[in-house]
Amino acid sequence: MNRLLIEHTEGLYGRVSIQGAKNSALPILTATLLCDDVCVIENCPNLSDVDVTLDILSSLGAKVFKDRNNVTIDSSRANRHRISKSMMAKMRASILFLGAVASKMGEVELCLPGGCKLGPRPIDWHIEALSKMGLNVSCNCNGKLYCKVEEKFNGAEINLPLPSVGATENIILAAVLAKGKTIINNAAREPEICDLCDFLSKCGAKITGAGENQIEIVGVNKLCGTKHKVIPDRIVATTFLAATAMVGGNVKLENIVSEHIKIIIDILRQIGCTVNATFNTVQILSDKKLKAQGEVITEPYPGFPTDAQALFMAISTVSKGISVFVENIFKNRYKHVDELLKLGANIKALDRIAVVTGVKELRGNCLNAKDLRGAAALVIAAMTAKGSSILTGAEYLDRGYENFESNFKKLGAKIKRI
Ligand code: EPZ
């Protein structure tokens, strides 16, 4: 059941409450491994990537109990340090266990992570940073990494070449129980980094500068348990806004942090939508008569998020005029272009550049999803297209969107899993 039948939809109407953020829940759940007693994580989204993280925690000896969106984790007796290849391969965030397990157990055996194929996704910055903090890494011929720290990580000053989200998170996970001070220069500034640091600070970690480009962590001897509510998912919020902009209608998002999607709101207003925002709600009205966005350049937060690129490319296929996309974060994040062309879009893509000329209408077709956010972009384009479409690869959506089709159905979308 990994295919979706999507039919032309004449507008989306109603309200939707936004789920907890996948890219915040995953590092926070991983970080619970470092705590000496029970953690309760609330507003945790029901996603396949969350299930993988909980499976890895259980395989390391942690006690995990999930009750809908609340997860209780007791890592006090976690005592294993090996993570299976199959679990590592299921998602990118499994690499965060490198810092967490090495910090807790003094050693870790794992292999390269999986995740959406967005071009090469090396972990060199993770390894370089943790090696500078005392991690000894050796690997065998089939890519398994054997890592050890002598006693504990040592604090260090780390200069990241780019504000890598995952590398920033791994360094934080290694530093909170390290000996001495760690400074991360050119740190990622995403809201998910702040949420991870909020959680760890509640557990007793000493972290300053979260959300800035320099983060300082002074290692402590232990971390206690705590209760923490995960922030709302800004990319899921963006998905519903992009869908309404493109398909037309009047939708109100609830339980969000509008500050986290300021740049998205600005662009939606520029292309012709009416957007009313309060601190924790955003309402969008669209008559589908949209202007081209002009230049869309992906940048680290607070710039235009790479995870929204495919969604706004979908919008631009039926906007009046020409839009130029520049994907600066990943080398190959245009796998949705060929699929949008099947719907009748006019797109020319080369390397990191894609030029989109809006067309009057799209027509349904058979589509193949190749990654999480590309899949969502294809769905909203198919809703706008005349006729019906079949999307294969719907399992990608389950990695990042809780109740994807039922939430859209409630807004009037003609979509069902087949
Ligand atoms: C996180 O991926 C997110 N994933 C991605 O969301 C998001 O697109 C990305 O950050 C934005 O930067 C999770 O949080 C689980 P990076 P991550 O390290 O940490 C290069 C989604 O759809 N790089 O910031 O892997 C890398 O190749 C996903 O939810 C190195 O060269 O991203 C990329 O070009 C997709 N060496 C760039 O940096 C390294 O050691 C940014 O990657 C690490 C990264």
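What you see is a predicted model; the values in this text were computed from it and never measured. First listed ligand is number 1; within each ligand, the first listed atom is number 1.
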I want to check something: taking the side chain as every heavy atom from C-beta on, are [X] and [Y] in contact at a cut-off of under 4.5 Å?
X: Lys335; Y: Leu118; answer: no
X: Ser24; Y: Phe199; answer: no
X: Thr278; Y: Asn280; answer: yes
X: Glu192; Y: Tyr301; answer: no
X: Arg333; Y: Arg373; answer: yes

Do any N or O atoms from the side chain of [X] and from the backbone of [Y] form a donor-acceptor pair under 3.5 angstrom?
X: Asn403; Y: Ser406; result: no
X: Asn365; Y: Lys342; result: yes
X: His8; Y: Ala385; result: yes
X: Lys63; Y: Ile73; result: no

Mind checking whether [X] contacts ligand 1 via backbone (N, CA, C, O), side chain (CB onward), both or neither, at a 4.0 Å heavy-atom cut-off?
X: Arg92; answer: side chain
X: Val165; answer: both
X: Pro120; answer: backbone

Which of the numbered atoms in ligand 1 are below 4.0 angstrom from a heavy atom of [X]?
X: Arg373; result: 21 (C), 22 (O), 29 (O)
X: Ile329; result: 12 (O), 33 (C), 34 (O), 37 (C), 41 (C)
X: Gly166; result: 18 (O), 19 (O)
X: Ile123; result: 40 (O)
X: Leu118; result: 35 (C)
X: Thr306; result: 8 (O), 11 (C)
X: Leu372; result: 22 (O)

Do any N/O atoms on [X] end up under 3.5 angstrom from N/O atoms on ligand 1?
X: Glu190; answer: no
X: Asn23; answer: yes
X: Asp124; answer: yes
X: Lys331; answer: no
X: Pro163; answer: no

Please report which non-hydrogen protein atom sits nearest to [atom], along with the residue it belongs to and the distance in Å to one decimal place.
atom: atom 6 (O) of ligand 1; result: Asp307 OD2, 3.1 Å
atom: atom 43 (C) of ligand 1; result: Pro122 O, 3.5 Å
atom: atom 18 (O) of ligand 1; result: Ser164 OG, 2.6 Å

If you measure from each heavy atom of [X] to ligand 1, is any distance below 4.0 Å?
X: Ile95; result: no
X: Gly400; result: no
X: Cys116; result: no
X: Arg333; result: yes

Original post:
Given the side-chain rings of Phe325 and Tyr334, with only the six-membered ring counted for Trp, is the space between their centroids under 6.0 Å?
Top reply: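 Between Tyr334 and Phe325, which both carry aromatic rings, the centre distance is not below 6.0 Å.
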
**OP:** Any chance you could measure Asn185, atom CG, to Ile215, atom CD1, to the nearest 0.5 Å?
**Re:**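 With rounding to 0.5 Å, CG (Asn185) is 10.0 Å from CD1 (Ile215).
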
Subject >> The one among Trp125, Tyr396, Phe330, Tyr301 that brings a heavy atom closest to atom 9 (C) of ligand 1 >> reply: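 The residue whose heavy atom sits nearest atom 9 (C) of ligand 1 is Phe330.
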
Original post:
When you measure from atom 17 (P) of ligand 1 to each heavy atom in Lys22, Glu192, Arg121, which option holds the nearest one?
Top reply: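 Result: the heavy atom closest to atom 17 (P) of ligand 1 is in Arg121.
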
Subject >> Flag for Lys66-Asn46: side-chain donor and acceptor within less than 3.5 Å >> reply: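 Present: a donor and an acceptor within the cut-off.
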
Original post:
Does a donor on one side chain and an acceptor on the other come within less than 3.5 Å for Asn368 and Thr392?
Top reply: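 Side chains of Asn368 and Thr392: pair found under 3.5 Å.
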
**OP:** For residues Asn407 and Glu402, report the shortest heavy-atom separation together with the two atoms involved.
**Re:**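 Minimum heavy-atom contact is ND2-O, 3.2 Å.
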
